[in-house]
*Asks:* 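Okay, handing you the structure first.
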Amino acid sequence: MARGGMIRPYHIVIFGASGFTGQFVVEEVARIVSEGPNGTLKWAVAGRSRQKLDKVLEQAAGALGKPELRTAVEVIVADVGEPDSLAAMCKQAVIVLNCVGPYRFWGEPVVKACVENSAHCIDICGEPQFLESMQLNYNSQAADKGVYIVGACGFDSIPADMGVLYTREQFKGTLTAVESFLTASTGPEGGSLNDGTWKSAIYGFADSGKLRSLRKKFGHKPLPVVGSKIKRRYRGLALFYSNEVQQYAVPFMGADPSVVKRSQRFLLEEHQETPVQYGAYAGVGGVANIAKMLFAGMMFWFLVKFDFGRNLLIKFPEFFSFGFFSKDGPTRKQMECSSFQFAFYGEGYTEGQDPSQGRPNAKIRTLVQGPEAGYVATPIAMVQAAITILNEPTALPKKGGVYTPGAAFSRTTLVERLNKHGIQFSVI
């Protein structure tokens with residue numbers, strides 16, 4: 001495999017393969033080797049500990065019934081604290097799948113090494129500050145090198161970002177606004193997320209002021225509003241009853257809104273496509289869940305402002321999140337019984353109607369639904385993003401850079417690939 005004037009032994013290197021999410025990315029890559037270029041995929045795992053990486057391959061071999069994984073997959077020792085090891089890793093890969101978070105602490109050395117050594121990079125970051133700072137600091141260098149750095153390629157934020165694009169493609173006319181409602185279900189044993197996501201949220205909220213100052217550095221003008229301006233669903237307390245999902249809902253606090261907005265800006269500037277306004281919400285259930293959420297939310301907002309509070313939140317994730325986050329993460333049984341659904345409600349103008357005249361006159365509803373979000377859907381999304389880059393290079397943006405999923409993959413068949421792997425896009 002040639003890349004950046006160098007022969008690369010691996011299509012994909014999974015960095016952080018022994019982490020909680022990384023182990024499931026390893027299994028997903030092992031499942032889809034036949035989908036690589038010319039029906040084959042050469043790949044390796046990377047991280048700080050050879051012993052832990054060997055253990056992950058052993059585990060994947062048992063889980064998938066593929067004993068060859070124990071010996072056929074190369075192990076690369078690399079550490080974010082050792083730039084030379086990262087450079088050596090990147091020189092061997094066409095694409096690095098970076099699973100090492102929180103990204104605000106460990107992500108930039110990987111991006112830097114990828115850009116300098118002409119390897120593409122995909123991450124599953126849900127931290128807007130990191131994602132946008134990488135765009136600010138590395139976009140021009142990545143463009144010069146022809147390198148694609150694509151962030152937020154997990155559950156944050158491929159379902160939302162590609163869901164908005166899918167909704168626009170299915171709409172007969174000019175789509176001007178979309179609201180999404182996320183709901184999740186678990187089986188009788190419940191579910192949880194590993195505390196790595198919890199830590200990212202803690203540091204993200206603590207640094208929210210820095211994100212605002214970072215955004216000013218871009219000097220962006222507000223995106224033009226086409227059609228009726230989207231209305232906020234709540235007043236005062238950020239909670240309301242949603243008829244769409246028949247339960248109480250709150251604004252979605254993840255990266256999706258910022259990622260979608262960045263995609264819409266790119267599509268306006270590069271392809272002159274009408275920007276779609278976007279509002280994101282998450283269902284939280286009934287009154288009992290609201291009580292838990294309000295208590296947890298108040299504790300979180302108070303503690304996250306102080307060092308001692310952040311330490312408490314990090315030390316006791318299960319207590320402060322009512323079990324939603326845990327140091328152990330979900331069991332495989334919990335993962336098998338869990339699923340998610342995004343319902344998208346869009347409005348716009350039918351073909352032939354002038355969007356500058358009158359109110360929108362047409363609506364559309366689409367769904368994106370799939371398996372457990374954090375450790376089943378996220379590996380599927382990440383790996384299919386990589387497969388898309390490998391197989392459809394001419395459908396990517398014309399030059400390298402730091403991109404959102406929607407910007408990178410708007411002209412590709414990523415949605416069709418996801419459909420084949422259990423993340424389903426459909427019109428209702």
Side-chain angles (χ1 to χ4, degrees), residues 3-4 11-12 25 35 37 93-98 103 107 110-111 114-115 118-128 130-169 218 255-273 275-276 278 368 377-419 421 423 425:
R3 172 90 195 116
H11 294 106
I12 288 173
V25 175
E35 296 177 29
V94 176
I95 303 175
V96 172
L97 303 188
N98 184 16
Y103 290 89
V110 181
V111 171
C114 284
V115 171
S118 299
H120 306 309
C121 183
I122 290 174
D123 69 46
I124 46 176
C125 179
E127 306 164 43
F130 172 79
L131 295 166
E132 294 177 39
S133 65
M134 292 304 96
Q135 182 182 358
L136 184 69
N137 296 331
Y138 291 95
N139 186 63
S140 61
Q141 296 175 51
D144 291 342
K145 289 273 194 171
V147 168
Y148 294 90
I149 307 295
V150 191
C153 285
F155 180 72
D156 290 318
S157 292
I158 276 184
D161 204 14
M162 300 308 294
V164 171
L165 299 190
Y166 175 81
T167 304
R168 175 161 58 190
E169 289 174 4
F218 284 96
D256 291 354
S258 64
V259 170
V260 170
K261 189 172 185 178
R262 289 170 58 212
S263 293
Q264 293 303 311
R265 183 178 297 279
F266 171 84
L267 294 170
L268 170 65
E269 294 174 350
E270 295 297 319
H271 301 292
Q272 293 72 55
E273 295 185 4
V276 177
Y278 179 59
V368 178
T378 285
I380 290 170
M382 185 186 214
V383 172
Q384 287 306 311
I387 290 295
T388 302
I389 290 177
L390 290 171
N391 286 316
E392 302 180 48
T394 60
L396 300 174
K398 57 187 177 183
K399 60 182 181 180
V402 179
Y403 292 106
T404 60
F409 302 121
S410 65
R411 300 297 191 267
T412 71
T413 64
L414 176 58
V415 167
E416 288 83 351
R417 294 177 185 276
L418 293 171
N419 271 324
H421 288 272
I423 299 178
F425 292 68

*Asks:* For Ala386 and Ile95, which heavy atoms make the closest approach, and how far apart are they?
*Replies:* O-CD1, 3.5 Å
*Asks:* With a 4.5 Å cut-off on side-chain heavy atoms, are Ser258 and Glu132 touching?
*Replies:* yes
*Asks:* Minimum heavy-atom separation for His120 to Tyr148, with atom names?
*Replies:* ND1-N, 3.0 Å
*Asks:* Does any part of the side chain of Val111, heavy atoms only, come nearer than 4.5 Å to the side chain of Val402, both counted from C-beta?
*Replies:* no
*Asks:* Supply the atom-to-atom distance Glu416 CD to Tyr166 OH, rounded to the nearest 0.5 angstrom.
*Replies:* 9.0 Å
*Asks:* Closest approach of Cys153 and Phe409, non-hydrogen atoms and distance?
*Replies:* SG-CE1, 4.3 Å
*Asks:* Rounded to the nearest 0.5 Å, what's the gap from CE on Met162 to OG1 on Thr167? Could you check?
*Replies:* 11.0 Å
*Asks:* Evaluate the side-chain contact (heavy atoms from CB on, under 4.5 Å) criterion for residues Arg411 and Glu392: first the C-alpha distance (whole Å), next the side-chain angles of each, then the deciding distance (0.1 Å), finally the verdict.
*Replies:* CA-CA 9 Å; Arg411 300 297 191 267; Glu392 302 180 48; over 6 Å; no
*Asks:* Any heavy-atom pair between the side chains of Leu268 and Glu273 that's under 4.5 Å?
*Replies:* no
*Asks:* So, Arg417 and Glu35, do they make that salt bridge, N to O below 4.0 Å?
*Replies:* no
*Asks:* Between Asn391 and Pro37, is there a side-chain heavy-atom distance shorter than 4.5 Å?
*Replies:* yes
*Asks:* Find out whether Cys114 and Tyr138 are in side-chain contact, i.e. whether some heavy atom of one side chain is under 4.5 Å from a heavy atom of the other.
*Replies:* no
*Asks:* Could you check whether any side-chain heavy atom of Val94 comes within less than 4.5 Å of a side-chain heavy atom of Ile389, counting everything from C-beta outward?
*Replies:* no
*Asks:* Can you check whether Asp256's main-chain N or O pairs, donor with acceptor, with Tyr278's side chain at less than 3.5 Å?
*Replies:* no
*Asks:* If you take all heavy atoms of Val259 and Pro405, which pair is closest and at what distance?
*Replies:* CG1-CD, 4.0 Å
*Asks:* Is the backbone N or O of Asn98 less than 3.5 Å from a side-chain atom of Tyr103, with the two atoms forming a donor-acceptor pair by type?
*Replies:* yes
*Asks:* So, Thr412 side chain and Ala395 main chain: donor-acceptor pair closer than 3.5 Å or not?
*Replies:* no
*Asks:* Which distance, rounded to the nearest 0.5 Å, do you find between the CD1 of Ile380 and the NE2 of His421?
*Replies:* 8.0 Å
*Asks:* Between Leu414 and Ile158, is any pair of side-chain heavy atoms under 4.5 Å apart?
*Replies:* yes
*Asks:* Taking Ser157 for its side chain and Ala160 for its backbone only, find out whether a donor-acceptor pair lies under 3.5 Å.
*Replies:* no
*Asks:* For the backbone of Ala152 and the side chain of Asp123, can you confirm whether one donor and one acceptor N or O come within less than 3.5 Å of each other?
*Replies:* yes
*Asks:* Is any side-chain heavy atom of Ser263 less than 4.5 Å from a side-chain heavy atom of Val164?
*Replies:* no
*Asks:* For the pair Phe266 and Tyr403, name the ring-plane relationship: parallel under 30°, tilted 30 to 60°, perpendicular over 60°.
*Replies:* perpendicular
*Asks:* Might you point out which heavy atoms bring Asp161 and Gly406 nearest each other, and give the distance in Å?
*Replies:* OD2-N, 2.7 Å
*Asks:* Specify the closest pair of heavy atoms between Gly126 and Ala255, including all atoms of both residues, with the distance to one decimal.
*Replies:* O-CB, 3.6 Å
*Asks:* Ignoring hydrogens and geometry, is there a side-chain-to-backbone donor-acceptor pair from Gln264 to Val276 under 3.5 Å?
*Replies:* yes
